[in-house]
Amino acid sequence: MLSLEQAQSEILTRIRPAREIETVALDQAPGRFVAAELRALVDNPAFDNSAMDGYALNTADLAGHDYRLPLAGESSCGDMPGALRPGTAMRIFTGAPLPDGADTVVIQEDVKAEDGEVAFPKSVRPDQHIRRRGEDFRKSDLLYAPGRRLTAYDLALISSAGVSTIPVYKKARVLVVATGDELVAPGTPLKPGRIYESNRLATLVQLRQMNVTAVDGGTLRDDPDALRALLKSNADFDFIITSGGASVGDYDLVKQVFSEIGEINFWRVRIKPGKPVAFGRVGESTHFFALPGNPVSSLVTFKLFVEPALIAWHHGTPQPLELPAVTANGFRRRPGRTEFLRARLQTDEGKLTVIALRGQGSHMLGPLRETNAFIRVDADSSGFDLGDVVAVIPLTLDVS
Ligand code: AMP
Ligand code: MG
């Protein structure tokens, strides 16, 4: 059985990344992965300009005029001013071009302006409150290399560099199906022995949050023929994700069908929860994940395997964030598998603290109400005590 790290690196070596590229407008680009080098089309700032509202002048003029200069002209945003006349000061506003001949800006709070004359303090130095052309970035500077996933911040930069469209890798198309004779949709009556389905929904929602195209393939019976037919008729998907039927019980057909139709790259990983997880490929380019049926196992394996796989498929480099946090309670266990505990991460007097939630059974959804992180317990660890520092994987940080 593979370790977590072995399974994750197996995914990265086996993935067959996206080849198709499309070009999108900036407002369609958040969450997309850059497919070609993006370079600045202009210098930023594009011209020397003022960082404050005030007066532009040449410091060399001050001493000879007793630090009082007549006011001549104005530089406002959007227009180029004429040159500064020697021996005068020019009114200037934030972002407005610095006139030729000026070497500094004095903020309006520091001067006395009356009767067309401005009195300056003696402390004025050259180069005050000036944003120089190109000090942020220069025309043709590399902004982004292929594989970067774009955020709103990135788009602010790209837009300011004059770039209006971006080549990105096409979105992965992912088919999601649940398997299990016991599964019914909420909103319908629950017959004895049945349960309400939750994994398919959670998987679809997480995929959509990752900005991929997630298609609901419904729920399949525990019937090899149904799964076989589904796989054969959906070879155009980039990923197929099944839930359930992945352990070794009598009805656990997913492994059987996948190994018959495709190639299994790994099957079972030394983690808890989520041991019965499989990854492989059907045909040339359809990857599959068989995620376990237990709801928490399904969430954990999505985070550990599906997320990095999708990032790598879009040519990105998965860099999962882990934070050190001080535990607010202890947890004991037998070493063996790398374990992920649902946890609540918070800041207490400037310190990150984390609580391992009660009810860690992989069938228990109640603690998800409080969950905003997983605590990672290493395979050889027998747990932790209150006050120990543990590794925490943050989930949505804005749970309130
Ligand atoms: P399995 O992997 O099919 O052996 O299922 C393991 C456990 O997860 C069983 O208790 C199933 O009833 C439950 N389960 C399987 N699929 C789902 C699902 N889509 N939603 C919620 N629970 C599920
Ligand atoms: Mg099942």
Side-chain angles (χ1 to χ4, degrees), residues 1-2 4 7 174-209 214-231 234 237 239-262 264-280 288-307 337 339-342 359-369 371 374 395:
M1 209 188 307
L2 297 188
L4 171 64
V174 188
L175 180 69
V176 180
V177 292
T179 69
D181 290 341
E182 73 280 31
L183 304 176
V184 297
T188 53
L190 199 62
K191 290 197 209 127
R194 302 293 181 92
I195 66 163
Y196 286 126
E197 201 279 326
S198 61
N199 297 346
R200 180 167 49 105
L201 173 77
T203 303
L204 285 166
V205 170
Q206 291 177 96
L207 289 167
R208 287 175 189 152
Q209 284 171 347
V215 176
D216 185 354
T219 294
L220 295 183
R221 305 296 307 260
D222 285 317
D223 167 14
D225 287 339
L227 186 58
R228 224 175 261 127
L230 177 107
L231 295 185
N234 286 289
F237 280 91
F239 288 82
I240 295 177
I241 302 181
T242 63
S243 138
S247 52
V248 286
D250 284 349
Y251 293 97
D252 292 327
L253 50 111
V254 171
K255 180 183 182 196
Q256 176 197 327
V257 174
F258 274 124
S259 56
E260 172 195 314
I261 295 186
I264 293 187
N265 299 139
F266 65 74
W267 173 260
R268 289 157 47 101
V269 180
R270 277 202 307 277
I271 54 171
K272 182 182 178 185
K275 181 169 76 169
V277 58
F279 169 70
F288 70 78
F289 280 102
L291 302 186
N294 274 310
V296 179
S297 311
S298 164
L299 297 172
V300 168
T301 50
F302 187 95
K303 182 77 192 162
L304 297 177
F305 304 117
V306 179
E307 264 191 32
R337 292 186 266 167
E339 184 160 0
F340 294 88
L341 304 176
R342 273 160 295 156
Q360 292 288 343
S362 61
H363 61 296
M364 297 174 89
L365 293 114
L368 294 176
R369 270 183 303 238
T371 302
F374 292 127
L395 302 171

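Atoms within each ligand, like the ligands themselves, are counted from 1 in listed order. The shown structure was predicted, so the numbers you read here are calculated from the model rather than taken from an experiment.
The closest approach between any non-hydrogen atom of Gly180 and ligand 1 is not below 4.0 Å.
Ring geometry for Phe266 against Phe279 counts as tilted: the plane angle lies between 30° and 60°, on a 0 to 90° scale.
Among all non-hydrogen protein atoms, the one lying nearest atom 14 (N) of ligand 1 is Gly293 O, 3.2 Å.
Which of Asn294, Leu253, Leu365 comes nearest to atom 10 (O) of ligand 1 through a heavy atom is settled by distance: it is Asn294. For atom 21 (C) of ligand 1, the candidate residues are Pro292, Ser243, Ala290, Ser198; the nearest heavy-atom contact is made by Ser198.
Residues Val269 and Ala7 approach most closely at CG2-CB, 3.7 Å, considering heavy atoms.
Backbone and side-chain nitrogen or oxygen atoms of Glu197 are examined, and one is located within less than 3.5 angstrom of a nitrogen or oxygen of ligand 1. For the pair Gly245 and ligand 1, the shortest N or O to N or O distance falls below 3.5 Å.
Here is the list of ligand 1 atoms found below 4.0 Å of a heavy atom in Glu182: 11 (C), 12 (O), 15 (C).
Heavy atoms of Leu183 found under 4.0 angstrom from ligand 1 belong exclusively to the side chain.
Taking the ring centroids of Phe289 and Phe305, they lie at or beyond the 6.0 Å cut-off.
A donor-acceptor contact shorter than 3.5 Å is absent between the side chain of Thr242 and the backbone of Ala178.
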